[in-house]
Amino acid sequence: MNMISPTTQFAPTRRMGIYEPFHQMSVWEDAFRGDIMSSTDPCMVSQPNDRPDDKSGYTSGEQHIPSGSGDNQAPRSTSDKQRRLAQNREAARKSRMRKKAYVQQLETSRLKLAQLELELERARQQGLYMLGSNSNMELLGTINPGIAAFEMEYSHWVEEQQKKNAELRSILQSPVSDMELPLLVENVLSHYFNLFRMKADAAKADVFYLMSGMWRTSVERFFLWIGGFKPSELINVVMPQLEPLTDQQIIKVCNLRHCCQQAEDALTQGMDKLQQTLAQNILNMTTGAGSYTSQMVSSMENLEALESFVNQADHLRQQTLQQMSIILTTHQTARGLLAFGEYLQRLRALSSLWAARPREST
């Protein structure tokens, strides 16, 4: 098919043995992959300066005090007392400041600990739900540390995405400099790429949890495709917000959407083939056809391929975002990112309304 740009092309992916439909699956070339580094400034509680005040004046005064005169000792004693009182007040003030900073730090740590406990409890409850009523009792309460960490990271990711949506909305409604908007667009794209990194780590911990969508709301799970959104769906959501587009842009976006749909079909066919092969292995174990051990080993190898499917799907999602940012102007990209971010927010809001809906009493 025609390429949308000279440097945009599909390359054949690594063969995966039994998945013939997946052999035709192509993924984006890494030509536009940039090293997007996110820098964070650690929150540090600055301690008050504990250095003593300069006492050069006090030393100088001592050198000029005459000796042997009782009348002169009284003013010196009074001056020393006042100076000590001032030093004591300053020391007490600094002590209060250190105590206040320490208390604030303890309170922050307490809140973080409480949040961690809530997230762990949520992960535990979801784990119990997924295990089901027929699970062994010894498995109840088991928490996957990798999934618990992902739950916390994703919760923070959603909060940060809402802030970035607000920033995009505000900056698009006001005059901006030539540098401000591109930096924000780059930052939002990097935020999505960070989600794909988080999901890759979670897939290593438990790919079934990731693909089940338990980390997402109920309405989001309704649209779930291999652990996330369909890239072609992204294009369909943002297209109405990008007009007017040039004829060249329309052609490139349509070509990109067609390529995404082809890749999605190939991945879906590969998943179907994987399910069929796994079901056949289980059937062979049930009917006694073939060695039980060899069939079990083969089934395990098939399940391990799921992680590759998730990574391929996320790679397609990431490359779609990058290609859209290349085809569109910076202003159009910002509008598209805002439209998609608000779309995801509405899905989460709809899930909350659905969960809180009044139910008829029986």
Side-chain angles (χ1 to χ4, degrees), residues 1-14 16 19-34 185 188-193 195-197 199-200 203 210-211 213 216 220-243 245-274 306-329 332-344 347:
M1 62 175 296
N2 295 330
M3 300 301 161
I4 61 176
S5 66
T7 53
T8 305
Q9 55 184 325
F10 283 103
T13 187
R14 178 171 58 85
M16 298 189 62
Y19 312 115
E20 289 82 358
F22 196 58
H23 291 166
Q24 287 109 44
M25 166 61 193
S26 300
V27 297
W28 293 104
E29 192 69 47
D30 292 335
F32 294 102
R33 174 178 294 181
V185 167
V188 175
L189 286 173
S190 179
H191 186 61
Y192 278 103
F193 300 160
L195 174 61
F196 302 142
R197 177 199 61 78
K199 289 174 63 181
L210 193 67
M211 294 190 64
R216 290 196 150 187
E220 286 180 302
R221 289 197 295 273
F222 182 69
F223 294 97
L224 199 66
W225 175 77
I226 313 184
F229 60 85
K230 277 190 174 183
S232 58
E233 175 190 343
L234 162 66
I235 298 176
N236 293 334
V237 168
V238 303
M239 276 292 287
Q241 307 299 323
L242 303 179
E243 297 177 353
L245 294 171
T246 65
D247 292 341
Q248 188 178 19
Q249 284 179 320
I250 293 176
I251 293 174
K252 289 182 177 180
V253 171
C254 290
N255 284 342
L256 176 62
R257 178 166 49 194
H258 180 67
C259 293
C260 288
Q261 289 171 343
Q262 284 188 324
E264 292 165 4
D265 290 343
L267 278 170
T268 300
Q269 291 173 16
M271 288 287 294
D272 291 342
K273 182 65 176 180
L274 173 62
L306 282 175
E307 184 179 341
S308 177
F309 276 101
V310 172
N311 292 336
Q312 290 278 7
D314 275 347
H315 181 70
L316 181 61
R317 284 183 268 263
Q318 177 171 338
Q319 292 300 312
T320 302
L321 286 170
Q322 287 181 326
Q323 290 297 317
M324 286 294 288
S325 68
I326 293 172
I327 296 172
L328 304 175
T329 65
Q332 288 172 330
T333 302
R335 284 160 49 197
L337 289 172
L338 176 60
F340 189 63
E342 291 180 336
Y343 171 76
L344 296 178
L347 291 181

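Nothing here was measured: the structure is a model prediction, and the numbers come from that model. Side-chain atoms are counted along with the backbone in the values below, which use heavy atoms only and exclude waters and symmetry mates. Positions are given from 1, in the same order as the sequence printed here.
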For Leu242 against Val238, the heavy-atom pair lying closest together:
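Looks like CG-O, 3.2 Å.
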How close do Gln241 and Ala339 get, counting heavy atoms only, and between which atoms?
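Where Gln241 meets Ala339 most closely, the heavy atoms are CG-CB, 3.5 Å.
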Look at the side chain of [X] and the backbone N and O of [Y], then say whether any donor-acceptor pair between them is shorter than 3.5 Å.
| X | Y | result |
| --- | --- | --- |
| Arg335 | Glu243 | yes |
| Arg257 | Asn236 | no |
| Lys199 | Asp314 | no |

List the steps and the verdict of side chain to side chain contact (heavy atoms under 4.5 Å, CB included) for Gln312 and Ile226.
CA-CA 9 Å; Gln312 290 278 7; Ile226 313 184; over 6 Å; no
Side chain to side chain contact (heavy atoms under 4.5 Å, CB included), that's the test. Do Glu307 and Asn311 meet it? Break it down for me.
CA-CA 6 Å; Glu307 184 179 341; Asn311 292 336; 3.8 Å; yes
Reported [atom1]-to-[atom2] distance for the pair [X] and [Y], which is rounded to 0.5 angstrom:
| X | Y | atom1 | atom2 | result |
| --- | --- | --- | --- | --- |
| Leu245 | Ile251 | CG | CD1 | 11.5 Å |
| Gln262 | Ser232 | CD | OG | 12.0 Å |
| Asn255 | Ile250 | CG | CD1 | 12.0 Å |
| Gln322 | Ile327 | CD | CD1 | 12.0 Å |
| Ile235 | Gln323 | CD1 | CD | 10.0 Å |
| Met324 | Lys252 | CE | NZ | 12.5 Å |

Do Glu264 and Gln261 have a side chain donor and acceptor closer than 3.5 Å?
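Judged by distance alone, the side chains do not pair up.
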Verify the distance criterion only: is there a donor paired with an acceptor across the side chains of Glu233 and Tyr343 at less than 3.5 Å?
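There is such a pair (donor and acceptor under 3.5 Å, judged by atom type) between the side chains of Glu233 and Tyr343.
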Compare all side-chain heavy atoms of [X] with those of [Y] and state whether any distance is below 4.5 angstrom.
| X | Y | result |
| --- | --- | --- |
| Val185 | Ser325 | no |
| Met271 | Trp225 | no |
| Leu321 | Arg317 | no |

Does Phe340 form a side chain to side chain contact (heavy atoms under 4.5 Å, CB included) with Tyr192? I'd like the steps, not just the answer.
CA-CA 11 Å; Phe340 189 63; Tyr192 278 103; 3.6 Å; yes
Going through the distances and angles, do Phe229 and Val237 end up as a side chain to side chain contact (heavy atoms under 4.5 Å, CB included)?
CA-CA 11 Å; Phe229 60 85; Val237 168; over 6 Å; no
